[in-house]
Amino acid sequence: MCTTDARLAVAVGPAGSGKTTAMRAVADAWQAAGRTVIALAPSAAAARELGASLRIPARTLHKLFAQNSFGIPTGLCPGTMLLVDEAAMAATFDLDELLQLARDHSAVIRCIGDPEQLSAVESGGILRTLAHDTRSPELSQLVRFADSDEAEATLAVRAGNAPKAWEFYDSHGRVTHGMSHELREQILTVHLTDTAAGISSVMIAATLDDVSALNTATQAAHLATGRVRADLGRIPLSDRHFGYCGDIVVTRANNPRLKIIGGLRQDTGIDNGDLWRIHRIHHDGSITVTGTSHRGHVLLPADYINQHVELGYATTAHRAQGLTVRRAHMLLNATLGHALAYVGLTRGSEINHLYLATDALVDISGDQQPDDPQEPFRASRGRDDFPAP
C-alpha cells in the first residue's frame with residue numbers, strides 16, 4: 001500500500017481480520033515519510049470511528065467533495081494519501097469522483113474493505129473488480145473470534161461454501177429454525193439475558209419489519225420491568241413508535257448543528273446511526289438524550305425527532321456492518337443472501353447465532369428449495385442482498 005506507485009491501490013480483509021489496525025500501520029508509515037494522510041469513509045459514523053482508530057481527523061467522502069466544490073481548503077497536496085475505509089460500501093460514482101480529485105492534486109488513493117460484505121446502497125461493487133484486476137493483497141489471519149473453528153466457519157460463509165459453514169454452525173447449536181414470531185421472542189430473551197449479565201449483545205434482522213417488531217417487543221419488556229418509564233411522558237418517533245424515558249433510540253440523519261455537550265464527543269454534531277438513551281422529555285416535544293458510548297448529551301428538537309429518530313434496540317445488517325460485540329443474534333426472514341448472513345455471523349467475538357424463519361423464506365433465485373437450511377450460506381454474487389438500510 002505504501003510502496004506501490006499506482007494512483008489507486010486496494011487491500012481486502014475478511015470481517016475480523018484487523019483491517020483498522022492495518023490501516024493505522026499504513027497511515028503511520030506514510031506520515032513518517034513526511035507526507036499527508038486524509039482519512040475517509042462512506043458514512044459519518046464510520047469516519048468518526050476511523051479517525052479515533054487512526055488518531056487523525058477523518059471525514060466522509062461527500063464532505064470532501066463539498067469542501068472541494070465550494071473552494072474550502074481540503075488539505076490535498078501532491079503526495080497526499082486518500083485512505084478510504086469500508087470502501088466496499090462506497091458508491092462507484094463516489095470512488096470515480098475521488099479518483100478525479102486525486103489526479104487533479106497529484107494524490108494517491110488507498111482503499112480497504114471487504115467485497116463479500118454488504119456493498120453500497122447506490123450502484124456499487126467496484127471494489128471487487130479492482131481487487132481482482134490489481135491482484136490486491138488480502139489479510140488472511142482473523143483476530144476477532146475467540147474460537148478458531150468459528151473463524152474458519154466465517155471464511156466458509158464468506159466464500160459461499162455452504163456445507164462447510166453449515167457443519168460448524170449446526171454442530172455447535174448456532175442455527176435455530178421456527179416461525180418468525182417465535183424466533184423474535186427467542187432472540188429477545190437471549191439478548192436481555194446477555195445485557196443483564198453485562199455482555200455486549202446485538203439483535204440484527206434482515207428486514208425493517210423485523211427490526212420494528214424486535215424494537216416493539218424490547219420496549220415492552222423494559223416497560224414491564226420499569227427500566228423504561230411510561231409515567232414521565234412520551235414522544236412520537238419517526239418509526240411510528242413512541243419513545244419513553246429510558247428508551248434507546250437511534251438518530252438517522254447527520255446534523256452538525258445539533259452539538260453534543262460533554263462526554264467524549266464534546267462540541268461535535270450528531271451522526272446517522274448514533275445510539276442514545278432518552279433522559280428527559282420536554283413539554284415542547286423535544287428530548288434530551290445521552291450517548292450510550294460517549295456519554296455526551298444533546299437536545300433533539302421535535303421536528304428532527306419526527307423525521308429522524310427511531311427506537312434503537314435492534315438493527316439491520318447494513319447498520320451493523322463495522323460493529324463488534326461479544327454476542328450477535330441474527331434473524332433471517334424473507335430476505336436471503338450470503339452477504340447478509342456473513343455480516344450477521346461476524347459481529348460477535350464469542351457467539352454468533354442465526355435464526356431462520358421457516359414461515360417466510362421465499363424463492364427469489366429460481367432454484368432455491370423452501371426447506372433448504374443451507375441457503376443463507378450460499379454465494380449469491382448475481383444479486384445484491386438489499387433490504388432497505
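- Side-chain atoms of H241 never come within 3.5 Å of backbone atoms of L237 as a donor-acceptor pair (strictly under, hydrogens ignored).
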Exercise for the section: Begin from the C-alpha positions of D284 and S286 and carry the test side chain to side chain donor-acceptor pair (under 3.5 Å) through to its verdict. Expected result: CA-CA 6 Å; D284 62 356; S286 63; 2.6 Å; yes
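- By the 4.5 Å heavy-atom criterion applied to side chains, T60 and L64 are not counted as neighbours.
- By the neighbour-count criterion of 12 heavy atoms within 6.0 Å, atom CD of Q100 is densely surrounded, having more than that number from other residues, nucleotides or ligands.
- A salt bridge is defined here as a Lys NZ or Arg NE, NH1 or NH2 lying under 4.0 Å from an Asp or Glu carboxylate O, and R265 with D271 meets this definition.
- No path of Ile, Leu, Val, Met, Phe, Trp and Tyr side chains, each step under 4.5 Å between heavy atoms, connects L299 with V249, placing them in separate hydrophobic clusters.
- Around CZ of R280, the count of heavy atoms belonging to other residues, nucleotides or ligands within 6.0 Å does not exceed 12.
- Judged by distance alone, the side chain of N272 and the main-chain N or O of N254 form no donor-acceptor pair under 3.5 Å.
- Under the 4.5 Å side-chain heavy-atom criterion for grouping Ile, Leu, Val, Met, Phe, Trp and Tyr, L345 is connected to L340 within one hydrophobic cluster.
- Crowding of Q219 atom CD: a count of heavy atoms from other residues, nucleotides or ligands under 6.0 Å exceeding 12.
- In the hydrophobic clustering of ILVMFWY residues, with side-chain heavy atoms under 4.5 Å counting as a link, I260 and I278 come out together.
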Problem - Check against side chain to side chain contact (heavy atoms under 4.5 Å, CB included), L82 and L98 - result: CA-CA 9 Å; L82 297 166; L98 187 67; 3.7 Å; yes
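- Minimum interatomic distance between A341 and L332 (heavy atoms only, all atoms of both residues): CB-CD1, 4.2 Å.
- Counting only distance, with no hydrogens or angles, the side chain of Y304 and the backbone of A253 share a donor-acceptor pair below 3.5 Å.
- The shortest non-hydrogen separation linking S180 to A357 is OG-CB, 3.4 Å.
- Cluster annotation: V202 is not connected to L214 through the hydrophobic network of ILVMFWY side chains, with a link wherever side-chain heavy atoms come within less than 4.5 Å.
- Counting only distance, with no hydrogens or angles, the side chain of D170 and the backbone of W166 share no donor-acceptor pair below 3.5 Å.
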Practice task
Go through the steps to decide whether H181 and D359 satisfy the test side chain to side chain donor-acceptor pair (under 3.5 Å), and finish with yes or no.
Solution key: CA-CA 10 Å; H181 69 280; D359 61 330; 5.4 Å; no
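- The shortest side-chain heavy-atom distance between H282 and T288 falls under the 4.5 Å cut-off.
- D239 places a side-chain N or O within 3.5 Å of a backbone atom of L311 that can act as its donor or acceptor partner.
- Judged by distance alone, with hydrogens and angles left aside, the side-chain atoms of S212 form no donor-acceptor pair with the main-chain N or O of L208 at under 3.5 Å.
- Proximity of a side-chain donor or acceptor of T225 to a complementary backbone N or O of H222 within less than 3.5 Å is detected.
- Side chains of V325 and E350 form no contact here, defined as non-hydrogen atoms less than 4.5 Å apart.
- For the pair K19 (side chain) and P14 (backbone), a donor-acceptor distance under 3.5 Å is present.
- Residue H132 places its NE2 atom among 12 or fewer non-hydrogen atoms of other residues, nucleotides or ligands, all under 6.0 Å distant.
- Residues L130 and L8 have side chains in contact (heavy-atom distance under 4.5 Å, counting atoms from C-beta outward).
- Here the rule is side chain to side chain donor-acceptor pair (under 3.5 Å) with Y313, and of T216, T218, T195, D247 only D247 fits it.
- Of all non-hydrogen atoms in A230 and Y244, the two that sit nearest each other are CA-CD2, 3.7 Å.
- In summary, the side chains of S201 and H191 do present a donor paired with an acceptor at a separation below 3.5 Å, with no hydrogens or angles considered.
- Smallest separation of non-hydrogen atoms from V298 and K259: CG2-O, 3.3 Å.
- The shortest side-chain heavy-atom distance between R103 and R7 falls under the 4.5 Å cut-off.
- For T189 (side chain) and E185 (main-chain N/O), a donor-acceptor pair under 3.5 Å exists by modelled atom type.
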Practice task
List the steps and the verdict of side chain to side chain donor-acceptor pair (under 3.5 Å) for Q321 and R347.
Solution key: CA-CA 8 Å; Q321 187 158 309; R347 299 308 95 198; over 6 Å; no
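- Minimum heavy-atom separation, L50 to A39: CD2-CB, 3.7 Å.
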Practice task
Apply side chain to side chain donor-acceptor pair (under 3.5 Å) to W276 and T251, showing your working.
Solution key: CA-CA 8 Å; W276 311 84; T251 46; 3.2 Å; yes
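- Looking at R234, its side chain never comes within 3.5 Å of a backbone N or O of G243 through a donor-acceptor pair.
- No more than 12 heavy atoms of other residues, nucleotides or ligands shown are found within 6.0 angstrom of CD on E167.
- In this structure the side chain of L99 never reaches within 4.5 angstrom of the side chain of L95, judged on heavy atoms.
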